[in-house]
Every structure is written in structure tokens, then in C-alpha cells.
Amino acid sequence: MYQPSDVGAIAELFHQSVHEGARRNYSATERAAWSPQRLPAEIWAERLALEFCWVADTPEQLIGFMTLEEDGYLNYAYVAPGVQGTGVAQALYERLEAHARKHAIQRLFCEASFLAQRFFLRQGWTTLEEQRVPRRGVVLTNFRMEKHLD
């Protein structure tokens with residue numbers, strides 16, 4: 001689980017994941033609009049205080065995080081670019097979904113990037129619609145998705 005001491009590493013991982021991990025699907029202009037700079041730890045601490053947050057780390061560094069709001073909104077799902085495709089996202093997601101089931105959350109939903117959409121489809125999610133989201137004067141594409149839990 002997330003510890004307040006993780007907040008600086010989360011801020012860095014988010015920015016790095018956007019700029020390196022999303023480069024196949026989003027232009028430099030789009031990535032700069034998505035995350036123009038690393039946000040201060042205080043802003044991340046405020047955001048994460050309102051969500052359940054799971055982290056994955058090695059002895060050297062934090063390598064991924066996912067968050068879930070009480071209503072089932074999966075807000076953040078980011079893995080360090082160097083470990084994408086190695087099971088980190090899968091491990092985080094399994095913990096998140098187990099938590100949702102334990103707390104009788106009936107529906108998970110999110111707005112997923114191209115990369116996250118592929119991952120969530122493999123987890124049994126459904127794409128509801130493709131969206132065009134304005135961010136700092138640039139339009140980004142993402143996907144509204146959901147998964148109903150039994």
C-alpha cells in the first residue's frame with residue numbers, strides 16, 4: 001500500500017511514464033499537454049489522500065502505482081517505462097480488483113490511454129466510447145471504460 005513517503009517517487013513516475021511510456025501513442029505535444037512538468041509532492045499528496053493507492057516497488061525504486069476511488073473510479077494506473085509488460089500492472093490490478101470486490105464495489109470505470117485500454121481489455125473491461133479531451137490547448141484521445149463486478 002501507498003505510504004506518504006512514496007509521494008515524490010509517484011510524482012516522478014507519473015511524469016516519466018507519460019513522457020517515455022506513452023510515446024508510441026501520443027506525440028511530444030500531446031505528452032507535454034498531459035504532463036507539462038513534474039507536479040509538486042504536495043499536490044500529489046492531496047490527490048492520493050482521497051483514493052486507495054497501491055504501489056509496486058523494488059529495493060531501489062517505486063515502479064508502479066494504481067488508485068481507486070470509493071465509487072469505483074480507477075483514476076491512475078502507471079508503471080515505469082522500463083518494466084512495462086513484466087507483470088507489474090497485473091499485480092497492482094489484481095490487488096485493486098480484490099479490494100473492490102471485498103468492499104462490494106459493483107462497477108469499476110476509468111478514462112484510459114491507448115496503452116491502458118489494451119491492458120484493461122485483457123482484464124475483461126469494456127470500452128464505452130473514444131473521447132477527445134482538451135488539455136492545455138491540445139486535444140488528447142482516451143477511452144471511457146468499465147467493468148461490472150459480480
Working to the nearest 0.5 Å, report the span between [atom1] of [X] and [atom2] of [Y].
X: Cys53; Y: Gln3; atom1: SG; atom2: CD; result: 10.0 Å
X: Trp44; Y: Ile10; atom1: CH2; atom2: CD1; result: 7.5 Å
X: Asp6; Y: Leu13; atom1: CG; atom2: CG; result: 11.0 Å
X: Ile105; Y: His99; atom1: CD1; atom2: NE2; result: 5.0 Å
X: Leu140; Y: Thr29; atom1: CG; atom2: OG1; result: 10.5 Å
X: Asn25; Y: Arg23; atom1: CG; atom2: CZ; result: 12.0 Å

When you look at Glu97 and Gln123, which way does the side chain to side chain donor-acceptor pair (under 3.5 Å) test go after all the steps? CA-CA 10 Å; Glu97 187 171 309; Gln123 309 310 312; over 6 Å; no

Qualifying residue for side-chain hydrogen bond (donor to acceptor under 3.5 Å, both in side chains) with Asn142, from Glu129, Gln131, Gln117: Gln131

Cluster link Phe14 to Leu115, ILVMFWY, side chain under 4.5 Å: no

Evaluate side-chain contact (heavy atoms from CB on, under 4.5 Å) for Phe120 paired with Leu74, printing each intermediate quantity in order. CA-CA 11 Å; Phe120 290 130; Leu74 194 160; 3.8 Å; yes

Under a single-linkage rule joining Ile, Leu, Val, Met, Phe, Trp and Tyr whose side-chain heavy atoms are separated by less than 4.5 Å, which residues share a cluster with Phe109? Tyr73

For this output row, return yes or no: ring centroids of Tyr26 and Phe114 closer than 6.0 angstrom. yes

Hey, is Glu111 close enough to Arg144 for a salt bridge, meaning N to O under 4.0 Å? no

Are the charged groups of Arg132 and Glu130 less than 4.0 angstrom apart, N to O? yes

Anything under 3.5 Å between a donor and an acceptor, one on a side chain of residues 59-68, the other on a protein residue two or more places apart or in another chain? List them.
residue, atom, partner, partner atom, Å
Glu60, OE1, Thr58, OG1, 3.2
Thr67, OG1, Glu51, OE1, 2.5
Thr67, OG1, Tyr76, N, 3.0

For the residue pair Glu146 and His148, confirm or rule out a side-chain donor-acceptor distance under 3.5 Å. yes

If the test is side chain to side chain contact (heavy atoms under 4.5 Å, CB included), which one of Arg107, Gln106, Arg101 qualifies with Leu149? Arg101

On the six-membered ring of Trp34, is Arg31 placed so that its NZ or CZ lies under 6.0 angstrom from the centre and within 45° of the ring axis? no

